[in-house]
Amino acid sequence: MSLTSALLTAGNRAAAALYAQAATTTTVAPAQQAPNPILPSTTELLWGSVSFAVLLFLMWKYAFPLVAKAMQARTDKIRSNLDEAEQVRQEANGILEEYQRQLADARNESNRIIEEARQAADQLRQDMVRRADEEVAELRRRSIEDLKAAQDRVMGQLRLQVRDLAIDLAEKVVGASLDRERNLALVDQLIAELEARPAGGG
Amino acid sequence: MIDLLAQAASSSTAVAPTEILKGLGAVGAGIGYGAAAIGPGIGIGIVVGNAITAMARQPESAGVARTTMFLGIAFTEALALIGFVVFILLKYT
Amino acid sequence: MLEAALKFPPIGELVKWPSFGPGGFNKVALICVAATFFTLLLFFLAGRNKELVPTGVGNLVESVVEFITDGVILQTMGQEGMKYLWYLTSLFFFIFFCNIFEIIPFMQFPASARMAIPLLLALITWVMYIVVGLKKHGISYISKSVKPPGVPFALLFLIIPIELLSTFIVRPFSLAVRLFANMLAGHLLLVTFAVLTGALLGSSIVFMKPVAILPLAMDIAITGFEAFVAILQAFIFTILTAVYLGSSIHIEH
């Protein structure tokens, strides 16, 4: 206050006095002189510095760290949550890849098995066809041989029988040639015998 | 100020020379402040206009433009404020 | 005549607050103490909140702190400036509360409209950026900051005094005057229209009374505007402090 009052000029004082004179009806005359509006007042400077110093000290010591710590804690928490989520996501991706790989393996495996089975079946079918062909050929060959053998045997027997028959016939013709009636009967009899004899002849 | 001028006008015959000087001082202070406000007025207009152009051209960097705009306004405005302070000084010292 | 109605008090009367306590404790001192108290109250309320998601006060405080981090420090000083976060936050809240009392009923005076408060804060900033510059660059801080690189020798005689003046004298002065004059101008505007309203209401001419609605409306509008100015000036003081600190940390013209 002393500083400001010292700096007040005579003109200023005159203005204040003028104002006091003009304003007697409405306002109370100022008990102390009006301070200069520009110059800082010492007491206000003092009070301002004291309160600001107290503010700075308390903020630095207690209040700001409280808030900063809370904010830092939240930042850390969010970051750790994000990291965790990222980790989980990567794990899930790993598992998914593993599953997909296994699925692909299984599909390949089944394809391979089906292919093998198809090949095996093919092989089997071809084998069976081939073997059936061979058997058929064998059967045919054997039946042809059988037939040939039977034919040979029949032919042989037939030859023998024909010879015997011819001999018999000749004997009979020679032995009983006197009687025509008798020869005819004999031939008839012979034919009957031939007919009665079974085809295979034994 | 109005009081002084009114008093000076009503009692033109018996005015002390100091009062005339005070009245002239008040007039000078008023004109001075008015003159001091012209330049910063134009300057702030230019600053804000260009800042708006910048923001419209690059909306993604509007935050930087806004901060810089306020800084520019603060620097420009200081001139007007010094004029204001001089006005008070002229009137009170 | 109007002279009976319009008795505008001198500006000196508008900022005169009689002391009512020890050591010249007046309204300005009370507002300073209140600003300190409310800032600390906000921070303790915000710090008490142990929940993960901040609510109410905590949200407000933390968004301001985040704004000062992202919008002020990182843009002007970079990561190096994070150690000034607590100071800039305190500064912002202190100035804001000093300013906002301009529009709070029954106080209606910004402590920053007295030169003492802005001058104090500007002096702190001034000392801070000089000390930071000297600590970071040694004595070459002074020569570096007054001599921009790449200036021809002949111009140095012109540049060095200008730079010396602008860096070490005009800076704190303009910083203080900016805040002081903004708040005083706002206060004067409010007072002017309030006085005008009162004078018109108390006018002896009856049909002048309803006209009082015009300055009253203006007063209300200016009150809203001053709330904005209170925040803006706190922000500008804070960011300019950060800019000056940054210019001491990285001397580049």
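Every chain is numbered from 1 and lettered A, B, ... according to where its sequence line falls, protein lines coming before strand lines.
Only the side chain of V28(C) comes within less than 4.5 Å of a heavy atom in chain A; its backbone stays farther off. Of the atoms belonging to L14(C), not a single heavy atom falls under 4.5 Å from chain A. Heavy atoms closer than 4.5 Å to chain A are found nowhere in L30(C), neither backbone nor side chain. Only the side chain of F180(C) comes within contact range of chain A, with heavy atoms under 4.5 Å apart.
Heavy-atom pairs under 4.5 Å with chain A peak, among G23(C), A116(C), A29(C), A113(C), at A116(C). Of the listed residues (I31(C), V33(C), L85(C)), the greatest number of heavy-atom pairs within a distance under 4.5 Å of chain A belongs to L85(C). The candidate with the highest count of non-hydrogen atom pairs below 4.5 Å against chain A, out of L119(C), I117(C), L40(C), is L40(C).
The backbone N or O of I205(C) lies less than 3.5 Å from a partner atom in the side chain of S203(C), making a donor-acceptor pair. No donor-acceptor pair closer than 3.5 Å links the side chain of S112(C) to the backbone N or O of M183(C).
One finds no salt bridge joining R130(A) and D133(A) here, because no Lys/Arg side-chain nitrogen approaches an Asp/Glu carboxylate oxygen to under 4.0 Å. One finds no salt bridge joining R131(A) and E134(A) here, because no Lys/Arg side-chain nitrogen approaches an Asp/Glu carboxylate oxygen to under 4.0 Å.
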Going through the checks in order, is the side-chain contact (heavy atoms from CB on, under 4.5 Å) test met by Y87(C) and M59(A)? CA-CA 8 Å; Y87(C) 175 71; M59(A) 282 290 278; over 6 Å; no
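Under the 6.0 Å cut-off for aromatic ring centres, F52(A) and F94(C) qualify, their centroids lying closer than that.
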